[in-house]
Amino acid sequence: MKTSKVESLFPDVTALWGEDKITAFQMEFLEWYERTRRDLPWRENSDPYRVWVSEIMLQQTQVVTVIPYFYRFMEWFPTIADLAEAEEEKLLKAWEGLGYYSRVRNMQKAAQQLVADYDGKMPNTIEEISELKGIGPYTAGAISSIAFGLPEPAIDGNVMRVFSRLFELDADIAKPSSRKVFDHVVRQVMPHQDPSSFNQAIMDLGATVCMPKTPTCESCPLSAYCQSYEKGTMLNFPVKSKKVKSKPVYYVAHVIKNNSGEYVLEQRPETGLLANLWTFPLVEVTKEAYDKLNVEATKESRQLELIAEDSPSYISVLKEQETCPTVWQTKPVGEVTHIFSHLKWHISIGYGQVERADYSLTDRQKWVPADQFSEYPFPKPQQKMVELLSGTGYL
DNA sequence: AATGCGGGGAT
DNA sequence: ATCCCAGCATT
């Protein structure tokens with residue numbers, strides 16, 4: 001029997017396995033899940049709000065990271081209405097360190113949609129759920145199946161890895177168009193009596209057994225059904241193109257302290273990277289300027305030296321941005337790096353002192369004493385700077 | 001279809 | 001270092 005190209009891209013599982021084998025597959029898999037499922041805080045019940053919060057947090061984020069955030073979030077915002085009314089500052093504080101901050105902003109917009117149009121409750125059709133801000137095809141499927149028992153697939157990285165191995169599917173999972181291949185296959189084997197357990201079983205399997213680099217096929221409940229296990233080709237799947245190197249960006253951070261012991265903090269722009277979070281003022285410099293700073297920093301000691309005139313290049317860089325008489329320390333306090341998915345920040349920390357009355361703040365800057373830093377949502381690079389400054393006695 | 005958007009765990 | 005993770009919005 002010959003297979004056309006379309007059939008190999010979109011396998012007909014019913015023809016391949018037959019009804020009986022599909023049923024056996026479902027039974028064995030659900031039984032495995034019942035026996036070994038992870039005990040997770042959002043699995044206590046199927047409250048749509050809890051399912052929703054957990055799914056948003058789990059986007060591109062591992063379970064172990066999410067757990068403490070989930071508990072705190074449910075404490076701070078127990079209901080959808082609480083979330084809808086929350087202050088943005090508190091919202092960002094709840095998300096601090098979790099990354100992809102637009103997730104929580106979108107979730108609040110969705111909560112407001114729900115209060116306005118659905119009496120503060122999650123609707124129970126995938127069409128309506130999909131309309132909500134921040135809910136894409138994966139999350140819509142996850143909420144539909146887990147909270148409402150609807151037979152909808154939830155196609156994520158786990159599903160694509162598991163199913164690419166089960167059927168040796170070589171669709172490039174980096175391409176958005178490949179999603180429909182997996183959707184087609186998953187629908188054919190999803191048990192309509194318990195799509196919730198089925199979807200969560202795939203998540204558990206992907207996280208604990210069918211792992212990217214080190215799958216433990218000996219303990220896999222699906223090994224008897226796995227085409228790639230049979231052929232020993234597990235590590236060839238999934239097929240994934242892509243991979244762009246993160247590009248370097250260089251900054252000097254201005255740690256400016258006034259005579260009242262306060263520091264300048266600056267709120268980042270309302271859109272883009274780390275939107276609305278707070279950092280010391282950051283000034284981008286060229287790689288050449290940056291390299292010079294660090295040479296000088298490492299050559300000499302890091303004693304506090306107050307200077308004024310005839311400054312080395314480090315001071316020149318700082319002076320370009322100077323808005324009032326500032327006593328800069330001659331050398332950087334230290335260096336912090338942070339890797340994002342698409343770029344790498346290098347930050348050299350400059351320290352200077354001013355008279356409070358001399359220094360005029362921009363509209364997104366504030367004077368803040370160090371003991372109030374914890375009230376502001378800080379991105380990771382800022383946390384690293386604070387840690388370094390504390391450790392060296394500057395805060 | 002490509003790109004921007006965080007941060008951490010595992011190897 | 002590199003890859004991956006319970007992805008989505010925007011262009």
Side-chain angles (χ1 to χ4, degrees), chain A residues 37-38 40-43 50-70 92 95-107 109-110 129-147 152-162 172-179 182 186 196 198-208 210-216 235 238 240-247 249 268-269 271-277 279 337-345 377-384:
Chain A
R37 62 178 250 163
R38 291 175 291 176
L40 300 171
W42 45 90
R43 285 180 174 172
R50 294 169 66 88
V51 172
W52 176 31
V53 171
S54 71
E55 289 302 338
I56 300 296
M57 285 186 171
L58 286 161
Q59 288 170 8
Q60 300 293 285
T61 310
Q62 296 185 173
V63 165
V64 60
T65 305
V66 163
I67 290 176
Y69 284 90
F70 179 81
L92 288 175
W95 218 261
E96 179 183 67
L98 204 48
Y100 288 140
Y101 298 90
S102 66
R103 289 186 290 178
V104 72
R105 273 188 281 267
N106 285 333
M107 197 161 52
K109 285 181 195 143
I129 293 171
S130 299
E131 292 294 313
L132 298 169
K133 280 281 182 292
I135 297 188
Y138 164 75
T139 308
I143 296 174
S144 297
S145 59
I146 299 172
E152 298 288 345
I155 313 294
D156 69 340
N158 283 317
V159 172
M160 293 193 282
R161 186 170 58 257
V162 170
D172 182 354
I173 68 168
K175 295 184 182 303
S177 58
S178 295
R179 217 192 75 88
F182 295 95
V186 172
S196 168
F198 182 77
N199 284 342
Q200 294 184 80
I202 299 173
M203 297 166 188
D204 280 15
L205 191 75
T208 65
C210 194
M211 295 173 293
K213 310 277 190 188
T214 55
T216 53
L235 296 184
K240 182 172 185 171
S241 63
K242 213 185 203 129
K243 76 178 107 208
V244 279
K245 287 196 68 170
S246 57
K247 108 175 201 219
V249 187
R268 293 180 56 80
T271 59
L273 183 63
L274 305 174
N276 282 348
L277 277 73
T279 67
T337 63
H338 187 75
I339 299 175
F340 298 91
S341 39
H342 52 308
L343 40 86
K344 179 172 181 178
W345 279 11
F378 283 175
K380 208 63 192 177
Q382 173 69 10
Q383 292 178 18
K384 289 180 182 174

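Here the structure is a predicted model, which is why all the values come from computation and not from measurement. Naming convention: chains lettered A, B, ... in sequence-line order (proteins, then strands); numbering from 1 in each chain.
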Selection from dA9(C), dG6(B), dA6(C) that lies nearest to any side-chain heavy atom of N106(A): dA9(C)

Whole-Å distance separating the CD atom of E55(A) from the P atom of dA6(C): 11 Å

Euclidean distance for C1', dG6(B) against dC3(C) (whole angstrom): 16 Å

Sugar-phosphate only, base, or nothing, as touched by R43(A) at under 4.0 Å among non-hydrogen atoms: base

Sugar-phosphate only, base, or nothing, as touched by K133(A) at under 4.0 Å among non-hydrogen atoms: sugar-phosphate

I129(A) vs E152(A) side-chain heavy atoms within contact, under 4.5 Å: no

Nucleotide of dC5(C), dC3(C), dA6(C) approaching K213(A) most closely (side-chain heavy atoms): dC3(C)

Sugar-phosphate, base or nothing in reach of W42(A), heavy atoms under 4.0 Å: base

Phosphate-side-chain proximity, H342(A) and dG4(B), N/O vs OP1/OP2 below 4.0 Å: no

dG9(B) OP1/OP2 closer than 4.0 Å to side-chain N/O of Q62(A): no

Sugar-phosphate only, base, or nothing, as touched by S177(A) at under 4.0 Å among non-hydrogen atoms: sugar-phosphate

Would you tabulate the side-chain donor-acceptor contacts of residues 132-146 of chain A under 3.5 Å, counting partners in other chains and residues two or more places apart, or write 'none'?
| from | atom 1 | to | atom 2 | distance (Å) |
| --- | --- | --- | --- | --- |
| Y138(A) | OH | E55(A) | OE1 | 2.7 |
| T139(A) | OG1 | Q59(A) | NE2 | 3.0 |
| S144(A) | OG | A140(A) | O | 2.7 |
| S145(A) | OG | G141(A) | O | 2.9 |
| S145(A) | OG | A142(A) | O | 3.2 |
| S145(A) | OG | N199(A) | ND2 | 2.9 |

Sugar-phosphate, base or nothing in reach of I202(A), heavy atoms under 4.0 Å: nothing

Residue T65(A), side-chain heavy atoms: nucleotide from dG8(B), dC5(C), dT11(B) that is nearest: dG8(B)

Side-chain N,O (K380(A)) to OP1/OP2 (dG8(B)) below 4.0 Å: yes

T139(A) vs dC8(C): side-chain N/O to OP1/OP2 distance below 4.0 Å: yes

Touch class at under 4.0 angstrom, heavy-atom based, for L40(A) against every strand present: base

Sugar-phosphate only, base, or nothing, as touched by V63(A) at under 4.0 Å among non-hydrogen atoms: base

Spacing of the P atoms in dT11(B) and dA6(C) (rounded, Å): 14 Å

Given dG6(B), dA6(C), dG9(B), the nucleotide with the shortest approach to the side chain of R161(A): dA6(C)

Touch class at under 4.0 angstrom, heavy-atom based, for R38(A) against every strand present: base

Sugar-phosphate only, base, or nothing, as touched by G206(A) at under 4.0 Å among non-hydrogen atoms: nothing

Touch class at under 4.0 angstrom, heavy-atom based, for S102(A) against every strand present: nothing

Side-chain N or O of H338(A) closer than 4.0 Å to phosphate OP1/OP2 of dG7(B): yes

Sugar-phosphate only, base, or nothing, as touched by F340(A) at under 4.0 Å among non-hydrogen atoms: sugar-phosphate

Sugar-phosphate only, base, or nothing, as touched by I135(A) at under 4.0 Å among non-hydrogen atoms: sugar-phosphate

Given DNA chain B, 5'-ward residue of the pair P176(A) and Y101(A), judged by closest heavy atom: P176(A)

Under-4.0 Å side-chain N/O to phosphate OP1/OP2 contact, Y100(A) with dA9(C): no

Sugar-phosphate, base or nothing in reach of P381(A), heavy atoms under 4.0 Å: sugar-phosphate

